[in-house]
Number of protein chains: 2
Amino acid sequence: MMHFLKTVFHRYRHIGAYGLSIAVLVFLLKWLQWNFLIVDNSLDIYIGLIAVLFTVLGIWIALQLTRGRKADVVTVHQVQIVEAEPFRVDQVELEKLKLTTREYEVLQLMVKGHSNAEIAESLFLSLSTIKTHASNLFVKMDVTSRTKAIEKAKRLRITA
Amino acid sequence: MMHFLKTVFHRYRHIGAYGLSIAVLVFLLKWLQWNFLIVDNSLDIYIGLIAVLFTVLGIWIALQLTRGRKADVVTVHQVQIVEAEPFRVDQVELEKLKLTTREYEVLQLMVKGHSNAEIAESLFLSLSTIKTHASNLFVKMDVTSRTKAIEKAKRLRITA
DNA sequence: CGGACGTTCATACTTTGGTATGAAATTGAA
DNA sequence: TTCAATTTCATACCAAAGTATGAACGTCCG
């Protein structure tokens with residue numbers, strides 16, 4: 001019950017603030033009215049002050065009302081911005097090929113554009129070993145050249 | 001000169017509208033002042049009317065000022081939403097390379113995994129012509145082999 | 001233990017890729 | 001029209017990729 005009241009008060013706190021402002025204004029105006037009208041007798045300045053005061057009040061009210069709406073819009077769109085897409089290896093397709101660890105390593109370096117000689121250097125192996133791994137993985141991938149292997153690896157999403 | 005004036009009037013049309021409103025209001029108020037003060041002698045009602053009137057005016061002004069800003073916010077976020085994932089050729093990077101039409105065609109088929117012989121068949125050209133195009137595009141792309149050309153083309157997003 | 005599998009390497013050979021050079025035809029702009 | 005760029009093709013040669021075969025070593029598993 002207390003929680004319900006708190007919620008209600010919180011929800012309509014702007015209206016409460018507005019009512020309070022009105023009350024304060026009425027006292028202020030009565031004081032001004034007494035000063036200007038009774039003491040100085042200058043009605044036009046008094047009217048002018050009221051006009052400016054309530055114009056500012058109107059602006060403030062409108063800003064309070066629209067601020068919430070603008071925030072909502074921003075939030076909705078931010079949810080859609082989080083649509084990013086990092087690369088993920090298709091483990092299913094990868095395991096279908098039954099590549100060995102070394103063969104997959106060689107394939108990954110191939111996709112990066114490395115030559116057999118460069119791959120041999122990277123893995124501290126001889127050129128002939130790389131050729132063997134390459135030839136074997138071509139058979140498993142059912143291709144006849146490194147360029148087709150690269151294209152298929154990209155298409156099946158088994159390398160970055 | 002006339003165009004300049006038009007532009008200025010258009011840019012500050014809101015301020016002009018506000019000034020006009022003020023003028024109209026002054027006449028209205030003077031008329032009301034005469035009615036209430038001289039005729040009915042009820043100052044409080046007159047003040048109340050002014051307060052309500054200028055509150056509404058303030059709200060209207062604030063809405064005019066914020067309407068444009070809200071539209072801007074929405075537009076900014078929509079631009080980011082348009083950043084979807086379908087592949088787009090990076091025309092800037094592509095034009096930097098200054099590839100000829102044929103060279104680009106050969107590159108595209110290379111990326112698809114085709115051999116020089118297959119590319120020659122596809123484009124109804126001789127093998128030696130493909131080799132020439134390939135060699136020339138390698139120089140322009142600053143690479144030394146087709147696999148590096150493929151990797152770079154993918155990285156720069158100049159082929160699908 | 002023995003055999004399947006993976007890894008490494010070598011040699012020999014064929015195919016493909018890549019460079020160099022030259023040349024002819026075409027096209028578009030100065 | 002003249003000139004530069006593009007496109008086409010050829011020949012020759014070297015480098016790299018790819019295939020085939022064999023062999024040695026280590027690990028894991030039934």
Side-chain angles (χ1 to χ4, degrees), chain A residues 89 91-156 158-160, chain B residues 89 91-156 158-160:
Chain A
V89 171
Q91 293 293 341
V92 178
E93 289 296 335
L94 180 55
E95 279 158 25
K96 275 189 200 168
L97 296 177
K98 297 193 181 302
L99 300 182
T100 67
T101 309
R102 278 307 203 195
E103 284 161 1
Y104 186 49
E105 284 175 345
V106 170
L107 175 62
Q108 286 175 316
L109 293 173
M110 269 186 188
V111 172
K112 285 188 185 174
H114 293 79
S115 66
N116 286 341
E118 290 168 338
I119 296 171
E121 259 193 85
S122 296
L123 302 179
F124 304 102
L125 297 177
S126 77
L127 178 60
S128 68
T129 303
I130 303 303
K131 284 187 174 186
T132 304
H133 288 319
S135 202
N136 290 335
L137 82 86
F138 291 162
V139 172
K140 290 183 181 177
M141 288 181 75
D142 191 28
V143 294
T144 52
S145 71
R146 71 205 291 104
T147 52
K148 289 192 201 303
I150 290 167
E151 188 277 329
K152 192 161 188 174
K154 287 273 185 187
R155 182 157 42 83
L156 299 182
I158 60 178
T159 62
Chain B
V89 171
Q91 293 293 341
V92 177
E93 290 295 335
L94 180 55
E95 280 159 26
K96 274 190 202 166
L97 297 178
K98 297 193 181 301
L99 299 183
T100 66
T101 310
R102 278 307 203 194
E103 284 162 2
Y104 186 50
E105 284 174 344
V106 170
L107 175 61
Q108 286 175 315
L109 294 173
M110 268 186 188
V111 172
K112 285 187 184 175
H114 293 77
S115 67
N116 286 342
E118 289 168 338
I119 296 172
E121 257 193 85
S122 295
L123 302 179
F124 304 101
L125 297 176
S126 76
L127 177 59
S128 69
T129 302
I130 303 303
K131 283 187 173 185
T132 304
H133 289 319
S135 200
N136 290 334
L137 81 87
F138 290 163
V139 171
K140 290 183 180 177
M141 289 182 75
D142 191 29
V143 294
T144 52
S145 71
R146 69 206 292 105
T147 52
K148 288 193 201 303
I150 292 168
E151 188 277 331
K152 192 161 188 174
K154 287 274 185 187
R155 182 157 43 81
L156 299 182
I158 60 178
T159 62

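Atoms considered below: every heavy atom in the structure, side chains included; atoms not considered: hydrogens, waters and symmetry mates. In this text, all values refer to a predicted model and were calculated from it rather than measured experimentally. Chain identifiers are assigned alphabetically (A, B, ...) following the order of the sequence lines, protein sequences preceding nucleic acid strands; residue numbering begins at 1 within each chain.
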query: Under the side chain to side chain contact (heavy atoms under 4.5 Å, CB included) criterion, do A/Leu127 and A/Lys131 qualify, and how do the steps go?
result: CA-CA 6 Å; A/Leu127 178 60; A/Lys131 284 187 174 186; 4.2 Å; yes
- prompt: Does the side chain to side chain contact (heavy atoms under 4.5 Å, CB included) test come out yes or no for B/Leu137 and B/Tyr104, once each step is laid out?
  reply: CA-CA 8 Å; B/Leu137 81 87; B/Tyr104 186 50; over 6 Å; no
message: Using the rule given for side chain to side chain contact (heavy atoms under 4.5 Å, CB included), can you reason through A/Leu123 versus A/Thr129, listing the C-alpha separation, both sets of side-chain angles and the distance that settles it, and then say yes or no?
response: CA-CA 10 Å; A/Leu123 302 179; A/Thr129 303; over 6 Å; no
- prompt: Under the salt bridge (Lys or Arg N to Asp or Glu O under 4.0 Å) criterion, do B/Glu93 and B/Lys96 qualify, and how do the steps go?
  reply: CA-CA 5 Å; B/Glu93 290 295 335; B/Lys96 274 190 202 166; 3.2 Å; yes
task: Applying side chain to side chain contact (heavy atoms under 4.5 Å, CB included), run through A/Leu107 and A/Ile158 and close with a yes or a no.
output: CA-CA 10 Å; A/Leu107 175 62; A/Ile158 60 178; 4.0 Å; yes
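Where B/Thr129 and A/Leu127 each meet DNA chain D at their nearest nucleotide, the meeting point lying more 5' is that of B/Thr129.
For A/Ile130 and C/dT8, the CD1 to P distance is 8 Å, given to the nearest whole Å. Computed from coordinates, the A/Met141 CE to D/dT19 P distance equals 13 Å when rounded to whole Å. If you measure from atom CD of B/Glu121 to atom C1' of C/dT16, you get 15 Å, rounded to the nearest angstrom. With rounding to whole Å, B/Leu137 atom CG is found 14 Å from D/dT7 atom C1'. The CD1 atom of B/Ile119 sits 13 Å away from the P atom of C/dT16 (whole-angstrom rounding). Taking atom CG of A/Leu123 as the reference point, atom P of C/dG6 lies 18 Å away to the nearest angstrom.
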Protein-nucleotides 18-22 of chain C N/O pairs closer than 3.5 Å?
from, atom 1, to, atom 2, distance (Å)
C/dG18, OP1, B/Arg146, N, 2.5
C/dG18, OP2, B/Arg146, NH1, 2.8
C/dG18, O6, B/Lys131, NZ, 2.8
C/dT19, OP2, B/Ser135, OG, 2.8

Short N/O separations, protein against nucleotides 25-27 of chain C, under 3.5 angstrom:
none

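Counting any heavy atom pair closer than 4.0 Å across all strands shown, B/Leu125 reaches sugar-phosphate atoms only and no base atom. Within the nucleic acid shown, B/Ser126 comes within 4.0 Å of sugar-phosphate atoms alone, with no base atom in reach, counting heavy atoms only.
Side-chain contact check for A/Val111 versus A/Lys154: some heavy-atom pair is nearer than 4.5 Å.
B/Arg102 and B/Glu105 are joined by a salt bridge, as a carboxylate oxygen and a charged side-chain nitrogen come within less than 4.0 angstrom of each other.
The shortest distance between the side-chain N/O atoms of A/His133 and the OP1/OP2 oxygens of C/dT8 is below 4.0 Å.
In terms of modelled atom types and a separation under 3.5 Å, the side chain of B/Lys152 and the main chain of B/Met141 share a donor-acceptor contact. Between the side chain of B/His114 and the main chain of B/Ile119, no donor-acceptor pair closer than 3.5 Å is present.
Residue A/Gln108 comes nearest to A/Thr159 through the heavy atom pair CG-CG2, 4.1 Å, listed as atom of the first residue, atom of the second, then distance.
Among residues at least two apart or in separate chains, salt bridge (charged side-chain N to carboxylate O under 4.0 Å, His left out) pairs with a member in residues 136-149 of chain B are A/Glu118-B/Lys148, B/Glu103-B/Lys140.
Taking the side chain to side chain donor-acceptor pair (under 3.5 Å) definition, one finds that B/Thr132 meets it with nothing, sequence neighbours left out.
Of the residues in residues 96-105 of chain A, A/Thr100, A/Thr101, A/Arg102 come within less than 4.0 Å of DNA chain C through at least one heavy atom, sorted by number.
With the end axes of the helix from C/dC1-D/dG30 to C/dA30-D/dT1 each set by five pairs, the angle from one to the other reads 40° at 10° resolution.
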